[in-house]
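Down below is the structure, laid out as structure tokens.
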Amino acid sequence: MAKSIAQYFKRIFDDYQVLVQVNPDDLTGVELIVHPDGKIEKTEMEFDEEIFEDLAEDEFQSCSPLEFQLLLAKS
């Protein structure tokens with residue numbers, strides 16, 4: 001069985017942004033919070049089966065895997 005490709009989402013708030021990586025196979029991933037001062041918080045996550053609906057309801061948009069990976073490398 002082929003492994004699924006992770007999906008990436010982003011939402012920009014007034015003074016920070018949140019990026020989320022979701023592995024659709026096991027519903028795990030990473031959340032990055034980018035603060036105005038450039039500090040990046042990284043949190044390993046376990047999601048439930050409604051994660052994609054939750055992200056859409058919270059107005060997250062798809063984003064580039066490259067953008068996520070560049071920020072992850074800085075964290």
message = For a quick test of reading the model, state the closest non-hydrogen atom pair linking E53 to E49 and the distance between them.
response = OE1-O, 3.8 Å
ask   = Looking at residues at least two apart in the chain, or sitting in another chain, which of them share a salt bridge (Lys or Arg N to Asp or Glu O under 4.0 Å) with E41?
value = none
message = Taking side-chain contact (heavy atoms from CB on, under 4.5 Å) as the definition, give me every residue that meets it alongside E57, ordered by chain and number, with sequence neighbours left out.
response = none
note = Here the gap from E67 atom CD to L32 atom CG, rounded to the nearest 0.5 Å, amounts to 10.0 Å
task = Return the set of residues passing salt bridge (Lys or Arg N to Asp or Glu O under 4.0 Å) with K42 (not counting sequence neighbours), or none when no residue passes.
result = E44
query = How long is the gap from CG on D54 to CG on D48, to the nearest 0.5 Å?
reply = 6.0 Å
inquiry  = Please enumerate all residues that pass side-chain contact (heavy atoms from CB on, under 4.5 Å) together with I12, with sequence neighbours excluded.
reply    = K10, Q17
ask   = Can L72 and I40 be said to form a side-chain contact (heavy atoms from CB on, under 4.5 Å), step by step?
value = CA-CA 8 Å; L72 180 62; I40 300 172; over 6 Å; no
message = Would you compute the distance between atom CG of L19 and atom OG of S75 and round it to the nearest 0.5 angstrom?
response = 11.0 Å
inquiry  = For the backbone of S4 and the side chain of D25, can you confirm whether one donor and one acceptor N or O come within less than 3.5 Å of each other?
reply    = yes
remark   = Cluster membership besides F52, Ile/Leu/Val/Met/Phe/Trp/Tyr side chains within less than 4.5 angstrom, sorted by chain and number, is F9, F13, Y16, V18, V20, V22, L27, I33, M45, F47, I51, L55, F60
inquiry  = I need the C63 SG to Q7 CD distance, nearest 0.5 Å.
reply    = 11.0 Å
Connected-component partners of L70 among ILVMFWY, side-chain separation under 4.5 Å = L66
